[in-house]
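Working notes, structure below.
We count ligands from 1, going down the list as the structure has it; atoms in each ligand are counted the same way.
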Amino acid sequence: MAGSPARPRPPVEPFKIKVVEAIPSPSREERELALERAGYNLFNLRSEEVRIDLLTDSGTAAMSDRQWAGLMLGDESYAGSRNFTRFEATVKRLTGFPHVLPTHQGRAAENLLFSNTCRPGSIVPNNMHFDTTQAHVRHAGATPMNVAIREAYDTSSEHPFKGNVDLGRLAELLEKEGPETVPLVMVTLTNNTGGGQPVSLENLTEVARLASSFEIPLYLDMCRWAENAYFIRAREPGHGAKSITAIGRAMFDLAEGATMSAKKDGLVNIGGFVATRNSRLADRLRESLILFEGFPTYGGLARRDLEAMAIGLEEGADLAYLEYRVGQVRYLSELLANAGVPFLRPPGGHGIYLDARRFLPHLRAEELPGQALVVELYREGGVRTVEVGEIMFAGTAGTPEGVEPLELVRLAIPRRVYTSSHIEYVADTVAAVFARAASVRGMRMVERPERLPHFTARFAPIGSAPTPPAVAP
Ligand code: F0G
């Protein structure tokens, strides 16, 4: 039809299906009851109450036949397992960091790093902290500070690298505080809190130069490093012919070390690590690792998990896989754009972030538009998403002067799990809620825990009696 938008095309999956898992299909009444029982917090839902689960892309990937086969090669020796040897060699080859310590997931790596580098009064800058990252910075007595560029807060800006660090603000901070107060500079690849947005190699190079001029080490949060490298390859001049691993290596060469939740680009259901070039720090990390996680050749994991992680880290850097992966997120963005739905532009690497303020303009900030939208998407189609805004980040880590904090709803796409028709179902669900957006009611928080509130808070629709306290299922 003349004038109608071009029909978006989904990417062709570079895999076929060997094992299937049934998807639940709760009725509207069941969904309504589930919402009440859950205190309108979708973390409290049972998975059988969810039709399409976009709560997180973390630990939710489908492992490959090679990874499942790898599990059978588990050598469950307490010390010196051959799976550790393979895992360590893979991480060293990928990153060049000589000291590699496995952990059970990303936040354990964060705990080790921050508790061994920060002290009360320290400040840790990061483009934008993820919630567990800032919680661990605080747990170590330090203050997290977000220093992303201003465009990161403008949901309609098409800036190709909205994960970039504001070099002026970082320089100001480092000049004022110096290495006595700032034990490390961290950069998150990609910027999850700000929409799964990448950091350019140019910006990362400048950050490294700036940090090193103050003799402050740079650490990377590399959970989604391969998606970040994919965007550098696609968008940053001069990198289009390079491999993902070559771009990755260019990023890692700038840093002293990294933390990783391998539950993202490592394509495993559990696992992570912390890695560094600093031998003295590595010794301290190793002692903490033994105290909190386990012996350094397993770090809180079964040895078979290390095998799956070694294989997953390689598969996650495959270009054909990444083209499909980022293409699937882009496909969802195109379907939503055709329906006029407001979301953070450009689409991110691991998900779409709806702009809750523009989606529900009739709701005031205190009516929690993000949470209201999360609830409504579940009510409409059994789609589980997560709020990334007032509740996850209320009053934390700071935004630049004169900039409103983001109020988003993340549709995180698990890796290799859902097909194009699932993506279309999600787009239809979002579009149906958008069509009746004016009727969506606000929410209020009725129980607010002190730390990491979004996981356990309870809510009620505005204008209703508070829901009764949780009862064990
Ligand atoms: N850093 C970032 C940027 C993350 O996105 C996460 C987890 C972590 C660290 C912590 O890793 O979960 O293995 O302990 N993000 C998940 C999410 C939970 O839904 O985005 P973890």
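Within the structure, the closest approach of Arg410 to ligand 1 falls below 4.0 Å when heavy atoms are considered.
Among the atoms of Asp57, none of the N or O lies under 3.5 angstrom from an N or O of ligand 1. Polar contact check, Ala108 against ligand 1: no nitrogen or oxygen pair lies under 3.5 Å apart.
Of all atoms in ligand 1, numbered sequentially from 1 with element shown, those under 4.0 Å from a heavy atom of Gln105 are 12 (O), 13 (O), 14 (O), 21 (P). In the vicinity of Lys263, heavy-atom distances shorter than 4.0 Å reach the ligand 1 atoms 13 (O). Listed by number with element, the atoms of ligand 1 under 4.0 angstrom from any heavy atom of Thr188 are 3 (C). Those atoms of ligand 1 that come under 4.0 Å of a heavy atom in Cys223, given as number and element, are 1 (N), 2 (C), 3 (C), 4 (C), 9 (C).
Annotation for Glu202: atom CD does not count as buried by contact number, only 12 or fewer foreign heavy atoms lying within 6.0 Å. The 12-atom threshold is not exceeded at NE2 of His139, counting heavy atoms of other residues, nucleotides or ligands nearer than 6.0 Å. Within a 6.0 Å radius of CZ in Arg284, more than 12 heavy atoms belonging to other residues, nucleotides or ligands are found.
Across Ala262, Gly272, Ser261, heavy-atom proximity to atom 13 (O) of ligand 1 is greatest for Ser261. The heavy atom nearest to atom 19 (O) of ligand 1, considering only Thr132, Asn126, Thr56, Leu55, is found in Thr56.
The nearest heavy-atom contact from the protein to atom 12 (O) of ligand 1 is Arg107 NH2, 2.9 Å. For atom 9 (C) of ligand 1, the nearest non-hydrogen atom of the protein is Glu110 OE2, 3.0 Å. Nearest non-hydrogen protein atom to atom 15 (N) of ligand 1 is Lys264 NZ, 2.9 Å. Among protein heavy atoms, the minimum distance from atom 1 (N) of ligand 1 is reached at Asp221 OD2, 2.7 Å. Protein heavy atom closest to atom 18 (C) of ligand 1, with residue, atom name and distance, is Phe130 CZ, 3.8 Å.
For Thr193 against Leu408, the heavy-atom pair with the smallest separation is O-CD1, 4.1 Å. Closest heavy-atom contact between Leu71 and Ala308: CD2-CB, 3.9 Å.
Figure legend: Arg51 and Tyr425 shown as a cation-pi pair, the cationic atom lying under 6.0 angstrom from the six-membered ring centre and within 45 degrees of its axis.
Partners of Glu177 under the salt bridge (Lys or Arg N to Asp or Glu O under 4.0 Å) rule, at least two apart in sequence or in another chain, do not exist in this structure. Shown here are the salt bridge (Lys or Arg N to Asp or Glu O under 4.0 Å) partners of Glu376, two or more places apart in sequence or in another chain: Arg379, Arg436.
Remark: the His350 side chain and the Asn192 side chain contain an N/O donor-acceptor pair separated by less than 3.5 Å.
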